[in-house]
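Here the structure is laid out as structure tokens; the discussion comes afterwards.
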Protein chains: 2
Amino acid sequence: MTEPWVDHARRELARAGHRAGGARGAVLGLLSDQHCVLSAQAIHDRLREQDRAVGLASVYRALDVLTHLKLVHRMDVDGTACYEPAYASGEHHHHAICDRCGRMSAFEDAELERLIDGLGERLGYRVEAHDVVLRGACPACA
Amino acid sequence: MTEPWVDHARRELARAGHRAGGARGAVLGLLSDQHCVLSAQAIHDRLREQDRAVGLASVYRALDVLTHLKLVHRMDVDGTACYEPAYASGEHHHHAICDRCGRMSAFEDAELERLIDGLGERLGYRVEAHDVVLRGACPACA
DNA sequence: GTCAGTGCAAAGCTTTTGCAGCGCG
DNA sequence: CGCGCTGCAAAAGCTTTGCACTGAC
């Protein structure tokens, strides 16, 4: 299986005039292997485990560029920024976080997306991104 | 017009065994006058303007207690925690934030609430709170 | 009187910035 | 061979914690 997201991201980076440095490449590679959101610190730690150590500042800088190009999606959870690949179209999901065990699950729902698009229109907003977060007790903890 | 939320909050605080201190009371009073979300720093600043100065640490402590009692709702925006009164039932709204001017608007939608409740059930979650955030260009900036 | 609540200052995190050197294009 | 990328270290937020003191019950 190829990694369409990584390829897409590299292409977009080049198109935006960015060079291909090692640190950003490593962050890109790690993100594509994950589906769950990761904090900058978590990315830094995992890269170190994989012997592809990258300065924490470079992780932040890479994520900043990627976020601005809308190649990764940023969300704040419990006061810390977390990131995940942003898939160009389709494959759009949201998160439910368990207050007890802290575990996070992802879900998607076409009707929710449709409803949110409608809401944006109603507000006169050109909505470019949106987040939905559910909090409560997961099946195991409830 | 009375302030049902403040009264409710004071009652719940007492019921949870908390004493009525000046700092927390001031935070409570300020929050009830606002509809928009406020950061801890903003609360601290406004209280100072009103000559009801409260230590920043006390603001954080008050907000922490109130959040745990589910009397205020916390949301992270751009890496900073913001707070607003949590209305026991009904009067539940969400936010749209403009990427350009940073202004925030509130909206509510019964269908959205219904849909989210359904999603929680589908996931087996006992959903206790949820957030929906739209990001994009507001009518004025678009 | 006791102990939660408070203010201040210090510490702890997360994130950003400055700067010198490396390396892609 | 210039300029973007990187790492390190320092700085800049935001938030929490330690401690002594005040004040509610």
Side-chain angles (χ1 to χ4, degrees), chain A residues 9-31 37-48 50-69 71-84 102, chain B residues 9-31 37-48 50-69 71-84 102:
Chain A
R10 286 196 212 285
R11 212 158 32 233
E12 286 299 307
L13 282 166
R15 207 160 66 85
H18 288 282
R19 296 181 184 173
R24 190 157 54 214
V27 172
L28 223 47
L30 180 69
L31 279 176
V37 297
L38 291 175
S39 68
Q41 186 65 60
I43 292 171
H44 176 255
D45 293 344
R46 299 212 184 180
L47 286 175
R48 167 162 303 198
Q50 298 177 13
D51 293 314
R52 291 202 284 170
V54 158
L56 184 54
S58 296
V59 172
Y60 276 107
R61 278 187 282 234
L63 291 171
D64 191 49
V65 169
L66 294 169
T67 302
H68 278 99
L69 289 177
L71 294 169
V72 314
H73 181 71
R74 169 189 166 151
M75 65 180 288
D76 293 332
V77 32
D78 295 329
T80 310
C82 291
Y83 305 83
E84 69 185 353
Chain B
R10 285 195 213 284
R11 212 157 34 234
E12 286 299 307
L13 281 166
R15 207 160 65 84
H18 289 281
R19 296 180 185 174
R24 192 158 52 214
V27 171
L28 223 47
L30 179 69
L31 279 176
V37 297
L38 290 175
S39 68
Q41 186 65 61
I43 291 171
H44 176 257
D45 293 345
R46 299 212 185 180
L47 286 175
R48 165 160 307 195
Q50 298 179 13
D51 292 315
R52 291 201 284 168
V54 158
L56 184 53
S58 297
V59 173
Y60 277 107
R61 276 187 284 235
L63 291 170
D64 192 48
V65 169
L66 294 170
T67 302
H68 278 100
L69 290 177
L71 293 169
V72 316
H73 180 71
R74 169 189 164 151
M75 66 178 287
D76 293 332
V77 32
D78 295 330
T80 309
C82 291
Y83 305 82
E84 68 186 352

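Letters A, B, ... are given to chains in the order of the sequence lines, protein chains preceding strands, and every chain is numbered from 1.
Across all strands, A/Ala26 comes closer than 4.0 Å to no nucleic acid atom at all (heavy-atom distances). At a threshold of 4.0 angstrom between heavy atoms, the contacts of A/Ala81 are confined to the sugar-phosphate backbone, with no base atom among them.
Mapping B/Leu56 and A/Ala57 onto DNA chain D by nearest heavy atom places A/Ala57 at the nucleotide closer to the 5' end. Of the two residues contacting DNA chain D, namely B/Gly22 and B/Ala40, the nearest-nucleotide position lying further toward the 5' end is that of B/Ala40. Residue order along DNA chain C, read from the 5' end via each residue's closest nucleotide, puts B/Gly17 first among B/Gly55 and B/Gly17.
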Next on the checklist: Working note: B/Leu63 + B/Leu31, criterion side-chain contact (heavy atoms from CB on, under 4.5 Å); need CA distance, chi angles, decisive distance, verdict.
Outcome noted: CA-CA 10 Å; B/Leu63 291 170; B/Leu31 279 176; 4.1 Å; yes

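Computed from coordinates, the B/Arg52 CZ to C/dG7 C1' distance equals 17 Å when rounded to whole Å. We find that CZ of B/Arg48 is positioned 12 Å from C1' of C/dG7, with the value rounded to whole Å. Distance, B/Asp45 CG to D/dG13 P: 14 Å, rounded to whole Å. A straight line from CD of B/Gln41 to P of D/dG13 spans 11 Å, rounded to a whole angstrom. Atoms NE2 (B/His44) and P (D/dT16) sit 15 Å apart, rounded to a whole Å. In this structure, the NE2 atom of A/His68 is 10 Å from the P atom of C/dT16, given to the nearest Å. The nearest whole Å value for the distance from the CG atom in B/Asp64 to the C1' atom in D/dT15 is 10 Å. For B/Ile43 and C/dT6, the CD1 to P distance is 14 Å, given to the nearest whole Å.
In this structure the side chain of A/Leu30 reaches within 4.5 angstrom of the side chain of A/Leu38, judged on heavy atoms. In this structure the side chain of A/Leu28 reaches within 4.5 angstrom of the side chain of A/Leu66, judged on heavy atoms.
Between the side chain of A/Arg24 and the main chain of A/Arg19, a donor-acceptor pair closer than 3.5 Å is present. Formation of a donor-acceptor pair under 3.5 Å by the A/His68 side chain with backbone atoms of A/Asp64 is found in this model.
Under 4.0 angstrom from either OP1 or OP2 of D/dT15 there lies at least one side-chain N or O belonging to B/Tyr60. Taking 4.0 angstrom as the limit, B/Arg19 places none of its side-chain polar atoms (N or O) nearer than this to OP1 or OP2 of D/dG23. Distances shorter than 4.0 Å separate none of the side-chain N or O atoms of A/His18 from OP1 or OP2 on D/dG4.
Taking 3.5 Å as the limit, the base of C/dG7 and the side chain of B/Arg61 contain a donor-acceptor pair of atoms between them.
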